[in-house]
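Just so it is clear, the model here is predicted, and its values are computed rather than measured. Just so we're on the same page: letters track the sequence lines, and every chain starts at 1. Heavy atoms only: backbone and side chains are in, while hydrogens, waters and symmetry mates are out.
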Amino acid sequence: MKNYQTARGTQDILPAEVYKWHQIEDLIRQLCMVYGFDEIRTPVFEDTKVFKRENDSSDMVNKEMYTFTMNDEDSLTLRPEGTAGVVRSFVQHKMYGAMEMPAKLYYVGEMFRYERPQKGRYRQFNQFGVENIGIKSPLADAETIALGYSLVKALGLNQVKVLINTLGDTTSRSAYRSVLKDHFAGCLDDLCGDCKRRYTQNPLRLLDCKVDKEHPSMKSVPSLIDSLTDESKDYFAEVLAALDALEIPYEIDDKLVRGLDYYTDTVFEVVSTHPESGSQATVFAGGRYDGLVEYFGGQEMSGIGFALGIERLLILAEAEGVELASKPDADVYVIALGDVKTAPLAIATQCRANGYITECNLVQRSLKSQFKSVERKNAKAIIIVGEEELKRGEVNIKFTPSQTQVCVKLENIIDTLDEMFQSEEE
RNA sequence: GCGGUCGUGGUGAAGUUGGUUAACACACUAGAUUGUGGCUCUAGCAUUCGCGGGUUCGAGUCCCGUCGGUCGCCCCA
């Protein structure tokens, strides 16, 4: 191999763009703090069984996991999603006893899925997610959606819409499952291969099919709503009422079922309507899960959460023309003129200790090229450490915004800078 | 996993039916200007066209493979 490059579907986040990430991460932390969610950091890899649960039919779990074994020990898997690990941790550390319920948790980190990459879809990507475990209330559902929605709004995205649906509780779901099976039983041969597989593995996913959506049997498919128990119906109505109260616009999409098997009742998806988002339009998505805590060995307890793709958020922000953060300009640049040895660095260090973003010239080179650096760093203040002045214990400070230059004693440098930057702020 | 498309310097890119010095612009470096930048001028800056093979007297231009991006499907954040 002659050229080294990032593995397929992975990418370097270079210094030029890392400030955007800081901005989003800061926004996330701020928002979660305001909403009362605490960060949790779980391992990037876990025992495969944490992710691959019995009867799971999703592609993510069955075809897209990075799974490996070391020394014949138990099989391990790079996390393809965040919820499983968080729920595992919740049960393992018995959070249901140690902290006040519900547990309001969030995470930010990289996930891994072996897929064919394209714009907005990577093999290593970053998710921000929240999980609100130990409460089953329509208000919790609305609160969770509101948290994600306000992040999108805080970033300045406008071309997004909230899709929402209910899968019903366990009783409703199994009732609907048999209704679906009856409905499609007669025309199974007409449907695509994926649909045939879904028919046996997870009939709900039939609703999702893009291939057969024009098929008569799809058009006449009985609505899930008719199979809902009264309890689930009421629950969904209350979720919608809460969203109304929070003034979050939404569309009910009765075909929305989501790809992960553990969802019950409320499911939602926030998609971009911007043309640039292409086929990877989902910004964040999630839903309620009734059985997961119990599955991991906890008591019967419901939770709700979502996951948001940070790369997608950035793509959309760019598409909608949102100005994102970039490297801040330097406040001060220290220039060395003549034989001044360590003085420039000492002065720069002093500036830095006082909070000024300071760049310092470290090599012998022409004044002109040093001034070029000043421009490049966009430094407002330029400290010129000249051999002659230094002998008198002085330096020149040039302040670009006011086009002024003063000669000051070494001990007065910081005071002078403070004055200059203060007058600039007014 | 399937199908389409693309891949030339730090960047944006020209490169006619394969023909022999890889255009142009920006950026960058140095000098004009031996202690004060942003303008101007001058000079320099791809033994090489993602990588590897093949066809040919000759390939950035054709063929095959491979790696990567990208678009659609699938799936999903």
(Q) Looking only at the side chains, is there a donor atom on one of A:Ser402 and A:Glu424 sitting less than 3.5 Å from an acceptor on the other? (A) no
Q: Calculate the interatomic distance between A:Gln280 atom CD and B:rU70 atom P; express it in whole Å.
A: 11 Å
(Q) Taking pairing as Watson-Crick or G-U wobble with both contacts under 3.5 Å, can you name the mate of B:rC62, or confirm there isn't one? (A) B:rG54
**Q.** Rounded C1' spacing from B:rU29 to B:rU66 in Å
**A.** 37 Å
Q.
Need to verify one output field. Residue with the more 5' nearest nucleotide on RNA chain B, A:Asn126 or A:Thr6?
A. A:Thr6
Q.
Looking at A:Asp141 and A:Arg288, is any side-chain nitrogen of the basic one under 4.0 Å from a carboxylate oxygen of the acidic one?
A. yes
**Q.** Counter-base of B:rU20, judged by Watson-Crick or G-U geometry with both distances under 3.5 Å
**A.** none
Q) Of the nucleotides B:rG37, B:rU36, B:rG68, which has the atom closest to the A:Thr400 side chain? A) B:rG37
Q. Counting any heavy atom closer than 4.0 Å, what does A:Gly129 reach on the DNA or RNA strands: base, sugar-phosphate only, or nothing?
A. nothing
Q.
On the side chain of A:Arg113, is there an atom forming a donor-acceptor pair with the base of B:rA77 - under 3.5 Å, no angle test?
A. yes
Q) What is the nucleic acid contact for A:Phe112, judged by heavy atoms within less than 4.0 Å: base, sugar-phosphate only, or nothing? A) nothing
Q: Just call it for A:Glu389: base, sugar-phosphate, or nothing, with non-hydrogen atoms closer than 4.0 Å on any strand.
A: base
Q. Base, sugar-phosphate, or nothing for A:Glu388, non-hydrogen atoms under 4.0 angstrom?
A. base
**Q.** Side-chain donor/acceptor of A:Arg121 to base of B:rC71, under 3.5 Å
**A.** no
(Q) On the side chain of A:Arg376, is there an atom forming a donor-acceptor pair with the base of B:rC28 - under 3.5 Å, no angle test? (A) no
**Q.** Separation of B:rC76 C1' from A:Lys63 NZ (nearest whole Å)
**A.** 12 Å
**Q.** Euclidean distance for C1', B:rU20 against B:rU47 (whole angstrom)
**A.** 14 Å
(Q) Less than 3.5 Å apart, any donor N or O on the side chain of A:Glu110 or A:Tyr122 sitting next to an acceptor on the other? (A) no
Q. Roughly how far, to the nearest 0.5 Å, is the SG atom of A:Cys32 from the NZ atom of A:Lys104?
A. 10.0 Å
Q) For B:rG72, what is the paired nucleotide under Watson-Crick or G-U wobble rules, both distances under 3.5 Å? A) B:rC2
(Q) Roughly how many Å apart are B:rC62 and B:rU5, using the P atom of each and rounding to a whole number? (A) 14 Å
**Q.** B:rC51 and B:rG35, which share atom name P, separated by this distance in whole Å
**A.** 44 Å
Q.
Partner lookup for B:rA27, please. Criteria are Watson-Crick or G-U wobble with both distances under 3.5 angstrom; report none if nothing qualifies.
A. none
Q: Check the distance between B:rU70's C1' and A:Arg123's CZ and give it to me in whole angstrom.
A: 14 Å
Q. Do the ring centers of A:Phe306 and A:Tyr106 come within less than 6.0 Å of each other?
A. no
(Q) Mind checking if A:Phe284 touches a base, just sugar-phosphate, or nothing, with heavy atoms under 4.0 Å? (A) sugar-phosphate
Q | Gap in Å between the two C1' atoms, one belonging to B:rG52 and one to B:rU70, rounded | A | 23 Å
Q. Nearest-Å distance, CD1 (A:Ile24) to C1' (B:rA77)?
A. 13 Å
Q) Rounded to whole angstrom units, what separation is found between the NZ atom of A:Lys372 and the C1' atom of B:rU33? A) 14 Å
Q) With no angle test and no hydrogens, is the base of B:rG72 tied to the side chain of A:Arg116 by a donor-acceptor pair under 3.5 Å? A) no
Q.
Categorize A:Tyr122 for me: base, sugar-phosphate, or nothing, with a 4.0 angstrom heavy-atom threshold over every strand shown.
A. base
Q: May I ask you to say what A:Asn396 touches in the nucleic acid, namely base, sugar-phosphate or nothing, with a heavy-atom cut-off under 4.0 Å?
A: base
Q: Evaluate the salt bridge (Lys or Arg N to Asp or Glu O under 4.0 Å) criterion for residues A:Asp265 and A:Lys136: first the C-alpha distance (whole Å), next the side-chain angles of each, then the deciding distance (0.1 Å), finally the verdict.
A: CA-CA 10 Å; A:Asp265 282 304; A:Lys136 184 157 188 182; 2.7 Å; yes
Q: Under 4.0 Å between any heavy atoms, over every strand shown, what does A:Gly9 touch: base, sugar-phosphate, or nothing? Just pick one.
A: sugar-phosphate
(Q) For B:rG72 and A:Gln118 - does any side-chain N or O of the residue sit under 4.0 Å from the phosphate oxygens OP1/OP2? (A) yes
Q) Does A:Gln370 get its side chain close enough to the base of B:rU36, under 3.5 Å, for a donor-acceptor pair? A) no
Q) Quick one: is A:Arg8 getting a side-chain N or O under 4.0 Å of the B:rC67 phosphate, OP1 or OP2? A) no
Q.
Regarding A:Glu64, tell me which of base, sugar-phosphate or nothing describes its non-hydrogen contacts under 4.0 Å with the strands shown.
A. sugar-phosphate
Q. B:rU11 and B:rG4: how far apart are their P atoms, nearest whole angstrom?
A. 30 Å
Q.
For a quick test of reading the model, state the closest non-hydrogen atom pair linking A:Ser172 to A:Leu167 and the distance between them.
A. CB-O, 4.4 Å
Q. When the ring planes of A:Tyr356 and A:Phe421 are compared, do they come out parallel, tilted or perpendicular, using 30° and 60° as the limits?
A. tilted
Q) Pick the nucleotide of RNA chain B nearest each of A:Arg365 and A:Gln403; which residue has the one closer to the 5' end? A) A:Arg365
Q. Atom CG of A:Leu337 to atom P of B:rU36: distance rounded to whole Å?
A. 8 Å
Q: Would you indicate what A:Lys368 reaches in the nucleic acid, counting non-hydrogen atoms under 4.0 angstrom: base, sugar-phosphate, or nothing?
A: base
Q: Rounded to the nearest angstrom, tell me the gap between atom CE in A:Met65 and atom P in B:rA77.
A: 14 Å
Q: Please state whether the phosphate of B:rG37, meaning OP1 or OP2, lies under 4.0 angstrom from any side-chain nitrogen or oxygen of A:Tyr333.
A: no
